[in-house]
Amino acid sequence: MDLANFFIQLLNSVQYGLLLFLLAAGLTLIFGIMGVVNLAHGSFYMLGAYMAYALTGAWDNLALAILAGTLISISLGWLLEKLLFRHFYHRSHLDQVLLTFGLIYIFEELRSMLWGDDVHSVGVPAVLDWSIQLTDTLSYPAYRLFMLAICTALALGLWLLISKTKLGMRIRAGAFNSDMAQTLGINIVRLHSLVFAMGVALAALAGMLIAPLSSVYPHMGSQVLIMCFVVVVIGGIGSVRGALTAALLVGLVDTFGKVLLPQFASMLVYVLMALVLLYKPEGLFKQ
Amino acid sequence: MANRRQLLTSTAAIAGAACSGVWFPALAQNSKLRIGLMLPYTGTFTQLGVAIDNGFRMALQEAGGKVGGREVEFFKVDDESEPSKGVENANKLVQRDKVDVLIGTVHSGVQMGIHKVARETGVLNIIPNAGMHAATRALCAPNVFRTSFTNGQPTQALGKVMVEKGHKKAVWITWKYAAGDEAGESFKESYVAAGGTIVKELGLPFPNVEFQALLTEIASIKPDAVACFFSGGGAAKFIRDYAAAGLKGKIPLYGSGFLTEGLLDDELAPSAQGIMTTLHYSASLATKRNDAFRLAYAKTYKMQPDVFAVQGYDAGLLLLQGAKAVNGDLSNKKALYAAMESAVIDSPRGKWTMSKAHNPVQDMYLRVVEGKENKVLGVAAKALSDSGVGCKLG
């Protein structure tokens with residue numbers, strides 16, 4: 001592998017890692033603060049992708065579709081939290097798993113009723129439908145770079161929100177000890193709604209952003225869900241910083257593993273997880 | 001006394017023989033033939049299951065709705081493409097519903113379950129899709145027939161085509177799972193035999209679709225061509241990513257025909273132009289037989305048939321031919337199997353016959369994506385037969 005290629009693969013790693021981070025951030029927050037194992041997280045990613053497909057079909061404008069899709073997913077998250085998840089915070093993990101596992105089926109069925117079981121594609125917006133020639137055979141699609149920028153901005157924004165704002169302080173307090181936070185006058189009920197809605201929106205956003213690059217297809221959520229859990233476990237449950245580090249690490253291992261050790265590519269990420277857990281059983285950044 | 005007793009027993013024996021020989025078939029022919037359909041009616045492969053079901057029923061309807069002169073009764077089980085329930089679901093049809101023939105299925109993992117039940121109970125099984133090699137190789141069985149393909153059959157025709165086009169160095173890329181590995185194995189054999197060299201084999205776990213790193217690697221290797229096995233949603237994404245990475249038009253892309261089946265819509269078609277694939281069927285095959293089939297299917301089901309509908313249709317044709325030879329008495333196994341083995345199926349894909357291992361001996365077409373269709377360029381391999389290695393039938 002020459003130097004140019006090495007850097008391109010590095011770019012690929014970071015891009016994949018940041019996308020994983022968008023997904024895992026919501027999952028780790030929901031897990032860390034509410035203690036809910038949310039298996040349906042991947043479904044929100046799928047719904048996001050399908051929304052991008054449906055809304056660009058209606059308006060032919062991805063930016064508008066993403067905006068509307070984000071609002072819809074925030075409402076959906078808020079509603080789900082109020083109607084369902086709220087009643088499961090103090091139940092056992094098994095109950096939560098049953099609930100969210102059931103939700104996967106409901107979302108898949110809804111998806112099937114609304115959009116059918118076909119594979120769909122979403123067009124890359126015309127302004128970003130060009131690419132940069134990197135080597136004589138390889139060009140890098142501008143949309144991928146755009147996605148990289150958006151994901152970086154979102155990661156940065158999330159970090160600022162959590163570590164520098166009052167709201168972030170409350171979220172951290174809630175994750176650390178929600179009873180104590182409540183005693184100190186933090187409206188934990190509203191905080192839960194907010195965090196849950198944010199988590200759903202982040203997953204849906206990841207789905208909407210990936211839609212033009214990927215195709216939109218049934219069960220796309222369950223594929224990424226496992227990787228998300230790997231990221232959350234490596235990073236330490238509840239830690240956004242951990243999720244970012246772990247997502248980038250997984251991106252690196254996965255990308256270079258595929259190229260350098262194709263025979264073992266499928267297990268390398270799990271080897272990484274096992275190694276981390278061996279030395280840091282609570283993950284890299286324990287709250 | 002002794003004589004009378006002898007007389008009685010021999011009379012009884014004659015009566016008994018008469019019963020089993022004459023009476024029961026008559027009864028059997030009056031009763032309905034029980035057909036079990038074990039297909040995916042939900043999940044990722046729903047469309048494939050429905051297409052096979054449609055095609056199969058259409059073949060029977062065209063023959064007047066009767067099989068070997070008998071009325072039919074259908075029993076349906078949704079296999080959900082769930083391998084862990086394969087044996088259980090097959091047993092529902094065989095033990096509970098007592099079907100005379102089991103049609104199924106799509107997913108190779110589920111097929112392993114059906115195969116186990118078929119071998120244990122001896123029930124007639126016609127496979128309308130699943131291409132796992134074992135079913136017509138090492139684990140072949142007299143009562144198991146396939147009307148589709150083996151996973152390696154399409155790519156077996158690919159090697160020669162690519163070398164003839166001057167592509168001597170190729171990269172092979174697929175999902176690392178049974179179907180992908182079997183397709184790769186056959187591609188390698190045919191490509192190396194034709195004088196080509198595989199410079200690198202790339203793979204990713206099924207059904208992972210993060211291709212970017214591998215595409216970067218392909219760009220840095222700069223092979224003469226790339227050959228691949230992908231299908232469904234993953235295939236669509238691979239085609240898009242390949243074009244987006246700037247490889248389309250620079251490094252020709254080849255593949256097993258499932259790469260472009262049922263995916264060429266307005267969005268994907270521009271990225272797919274020029275991709276060459278080999279498969280045993282194409283919707284654009286210009287024969288009278290295919291035109292008639294497509295028209296009839298579209299009229300009946302208000303949708304266009306695909307390769308899976310053809311495979312289901314052929315499963316129907318095969319059953320009809322076999323049952324006709326034994327006048328609907330499927331318990332006459334020897335004659336039934338002999339008739340099915342020697343059947344010539346007049347399929348929309350072209351006429352094909354059965355190999356000794358019970359897999360189609362069929363033409364593989366070379367197709368190129370033009371507009372929104374897989375245009376047939378010609379026959380890549382005439383009467384291609386799977387090796388059937390390890391099968392001791394015939």
Side-chain angles (χ1 to χ4, degrees), chain A residues 1-2 4-6 8-9 11-13 15-16 19-20 53 108-109 112 116-124 129 131-144 210 212-220 222-224 227 251 254-260 262-263 265-267 269, chain B residues 40 42-50 81 173 175-177 200-223 231-241 243-251 262-272:
Chain A
M1 188 182 290
D2 56 31
N5 256 307
F6 174 77
I8 296 169
Q9 294 291 22
L11 190 68
N12 291 334
S13 314
Q15 193 215 311
Y16 180 46
L19 184 79
L20 278 180
Y53 160 69
E108 285 290 344
E109 203 53 42
S112 176
D117 297 317
D118 284 341
V119 175
H120 295 292
S121 317
V122 176
V124 172
D129 202 5
S131 47
I132 299 165
Q133 197 71 31
L134 287 181
T135 67
D136 51 341
T137 38
L138 186 75
S139 38
Y140 217 78
Y143 187 83
R144 270 184 190 274
I210 197 87
L213 280 182
S214 164
S215 295
V216 175
Y217 52 97
H219 305 287
M220 60 187 291
S222 41
Q223 289 175 27
V224 294
M227 230 9 104
D254 188 74
T255 303
F256 282 93
K258 265 181 203 161
V259 178
L260 299 176
Q263 289 85 1
S266 41
M267 45 185 278
V269 170
Chain B
T42 58
T44 316
F45 291 139
T46 307
Q47 282 180 35
L48 282 64
V50 171
S81 298
I173 176 169
W175 279 314
K176 302 296 284 176
Y177 74 134
K200 184 142 189 179
E201 289 176 54
L202 296 169
L204 64 174
F206 175 80
N208 191 312
V209 289
E210 195 45 47
F211 299 115
Q212 190 61 26
L214 301 174
L215 294 174
T216 305
E217 180 68 5
I218 289 173
S220 80
I221 295 173
K222 300 189 187 74
S231 65
K237 180 163 190 320
F238 183 72
I239 291 171
R240 285 177 72 90
D241 284 3
L247 294 171
K248 176 178 172 273
K250 294 198 183 104
I251 303 173
L263 298 172
L264 299 172
D265 61 5
D266 289 327
E267 285 293 342
L268 188 68
S271 306

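Chain identifiers are assigned alphabetically (A, B, ...) following the order of the sequence lines, protein sequences preceding nucleic acid strands; residue numbering begins at 1 within each chain.
Checked against B/T216 for a side-chain contact (heavy atoms from CB on, under 4.5 Å), the options A/I8, A/T135, A/L11 give a single hit: A/I8. Applying the side-chain contact (heavy atoms from CB on, under 4.5 Å) test between B/E217 and each of A/N12, A/V259, A/N5, A/L138 identifies A/V259 as the sole match.
Heavy-atom distances place no part of A/V224 under 4.5 Å from chain B, backbone and side chain included. Using a 4.5 Å cut-off between heavy atoms, B/T46 touches chain A through its side chain atoms alone. Residue contact with chain B, scored on non-hydrogen atoms closer than 4.5 Å, involves the side chain of A/Q133 exclusively. Only the backbone of B/L215 has a heavy atom closer than 4.5 Å to any heavy atom of chain A. Contact of B/E210 with chain A is made through backbone and side chain together, with heavy-atom distances under 4.5 Å.
With respect to chain A, the highest number of heavy-atom pairs below 4.5 Å among B/A219, B/G203, B/G246, B/P270 belongs to B/A219. For the options B/L204, B/L268, B/T42, B/L214, heavy-atom pairs under 4.5 Å to chain A are most numerous at B/L214.
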Steps toward side-chain hydrogen bond (donor to acceptor under 3.5 Å, both in side chains) verdict (B/S220, A/D2): CA-CA 9 Å; B/S220 80; A/D2 56 31; over 6 Å; no

Trace of the salt bridge (Lys or Arg N to Asp or Glu O under 4.0 Å) decision for B/K250 with A/D136: CA-CA 10 Å; B/K250 294 198 183 104; A/D136 51 341; over 6 Å; no

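Side-chain N or O atoms of A/S139 include one that pairs as donor or acceptor with a backbone N or O of B/A245 at under 3.5 Å. Of the possible polar contacts, one joining the B/R240 side chain to the A/P212 backbone as a donor-acceptor pair under 3.5 Å is found. Between the B/E267 side chain and the A/H120 main chain, no donor and acceptor come within less than 3.5 Å of each other. In this structure, A/K258 contributes its side chain and B/Q212 its backbone to no donor-acceptor pair below 3.5 Å.
Qualifying ring pair (Phe, Tyr, Trp, His ring centres under 6.0 Å) partners for A/Y217, counting only residues two or more places apart in sequence or in other chains: none.
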